[in-house]
Amino acid sequence: MLQLPQKFFGIIYDLASVSSMHAIAAAREEAKQKYHNFDIIKLRLYCSEQAHSSIEKGAITLGLPLSSVVKIKTDEQFRMIPSELNNAIREDIEKELQPFCVVATVGTTSTTSIDPVDEIVKVSKQYNLWLHVDAAHAGSAAIVPEVRQILSGVEDADSLVVNPHKWLFVPIDLSVLFTSKPEVIKKAFSIVPEYLKTDEEEKVINYMDYGIQLGRRFRSLKLWFVFRYFGVEGLQNIIREHLRIGELFADFIDRNPNFERLAPTPLSTICFRALPNKKMSENQLNEFNKRLMDEINNSGKLLLSHTKLNDKFTIRLTISGIRTEEKHILQAWELIKEKFNMLIQN
Ligand SMILES: Cc1ncc(COP(=O)(O)O)c(C=O)c1O
């Protein structure tokens, strides 16, 4: 469904945080071969300043210091800048640090910005680094043929995480890690004591060899049910509709002078804020928008989340629920305007 090359091996874990942690462990395993003076304190992992906190958590879980995660600047559309990545790696090599992993994000948490994986692949290859792609939320949208280009370049990545529990309507938890180098994950994790030896071990894939878990839940069953019930086309149509009504909402924001969009909308997450009065300072605007979001959420009718972009309190409307339709987006917009009007009158 994602049009990945056959060389990719897939394994289901619970969460993207855990999938990424395993990818970082594999990258660390490769680095042990690469650096004869391998030193965990000197390892460096590169991701954008918009990458999810699970990347830092993965690194610290594996015993790397937090300072091993280098945040690369993003452009005005919140995408990693490949030349900045190149510079950071080069400078670290000059300082005799040990670059070992790059994490690109396809669909960042705050804005769903899409790092240029094609170009990041080139930089990663130039320095022989493991490239992991975090497409936890947005990866599912790539099942829609006209959206597949968001994963362009991923064929040459070493690993990729996609969470069907986010935008493929599977109840939490179900995260898939794809990798073209399963043997490296196996090398990092395979320990087979006598009581786990079987006659079949040469003939079958034993998932205990590919991670920290021994026992496993039958998570694939719920994914299979979703595939069977909706069919591939059914799933594509739901995501397509989310993208369409996302554009509709972005358009409402753009056409209303009391609101502004704070990031591009490549998928169905719309980042915006209200602009009640041109004389308000940035601090006052931040406070106003926080109050607006709280009023809306306290209504119990709509749940908005938030982030900060360029120090601006940013409200986020994300469309990814299986039952979200155009009528809900129209209702959401009416509610947002109603609460806005209520606040400016007080
Ligand atoms: C881009 C991205 N990566 C990783 C995660 C973490 O996902 P999980 O809750 O499955 O660990 C999120 C969650 O919001 C995300 O948006």
Side-chain angles (χ1 to χ4, degrees), residues 2 10-25 27 45-62 69 71-72 74 77-80 101-117 120 130-142 147 150-151 153-154 157-179 211-213 216-217 219-220 222-223 226 239 242 246 263-271 303-309 314-321:
L2 292 173
I11 178 165
I12 294 175
Y13 300 114
D14 50 356
L15 299 164
S17 306
V18 172
S19 294
S20 291
M21 191 271 291
H22 283 87
I24 300 167
L45 175 153
Y46 307 83
C47 59
S48 93
E49 54 195 8
Q50 292 289 324
H52 190 266
S53 53
S54 56
I55 304 307
E56 284 156 295
K57 285 199 183 181
I60 59 173
T61 305
L62 293 164
V69 178
K71 303 277 185 72
I72 305 298
T74 53
Q77 297 192 23
F78 308 102
R79 302 171 299 192
M80 189 196 284
C101 186
V102 176
V103 179
T105 312
V106 170
T108 56
T109 312
S110 283
T111 73
T112 68
S113 60
I114 295 163
D115 286 344
V117 178
I120 294 171
W130 184 286
L131 174 60
H132 174 58
V133 178
D134 178 358
H137 168 73
S140 300
V147 183
I150 63 171
L151 287 184
V154 107
D158 299 286
S159 55
L160 161 74
V161 58
V162 178
N163 271 10
H165 80 224
K166 287 194 193 294
W167 203 357
L168 215 53
F169 321 117
V170 176
I172 196 164
D173 47 31
L174 201 162
S175 174
V176 187
L177 182 75
F178 296 99
T179 176
I212 52 173
Q213 273 186 265
R216 303 177 64 76
R217 296 179 57 194
R219 292 192 178 87
S220 53
K222 57 187 177 184
L223 183 57
V226 170
I239 294 176
H242 287 168
T265 306
L267 296 164
S268 61
T269 293
I270 300 93
C271 295
L303 182 73
L304 297 173
S305 54
H306 79 281
T307 188
K308 270 229 166 126
L309 296 174
T314 304
I315 302 179
R316 298 161 69 249
L317 180 131
T318 295
I319 303 165
S320 63

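If you read the sequence from its start, that first residue is 1, and numbering goes on from there. We count ligands from 1, going down the list as the structure has it; atoms in each ligand are counted the same way. Computed from a predicted structure; not experimentally measured.
Every side-chain hydrogen bond (donor to acceptor under 3.5 Å, both in side chains) that T269 has, sequence neighbours left out, goes to T318. Listed by chain and number, the residues in a salt bridge (charged side-chain N to carboxylate O under 4.0 Å, His left out) with R217 are D173 (sequence neighbours excluded). With sequence neighbours excluded, no residue forms a side-chain hydrogen bond (donor to acceptor under 3.5 Å, both in side chains) with T112.
Around NZ of K222, the count of heavy atoms belonging to other residues, nucleotides or ligands within 6.0 Å exceeds 12.
Note on ring orientation: taking the six-membered ring where Trp is involved, the planes of H137 and W167 are parallel (angle under 30°, cut-offs 30° and 60°).
Contact residues for ligand 1 (protein heavy atom closer than 4.0 angstrom to any ligand atom): L15, A16, S17, H52, S54, G107, T109, D134, A136, N163, H165, K166.
Remark: of the listed residues S159, S175, S54, S175 is the sole one forming a side chain to side chain donor-acceptor pair (under 3.5 Å) with S19.
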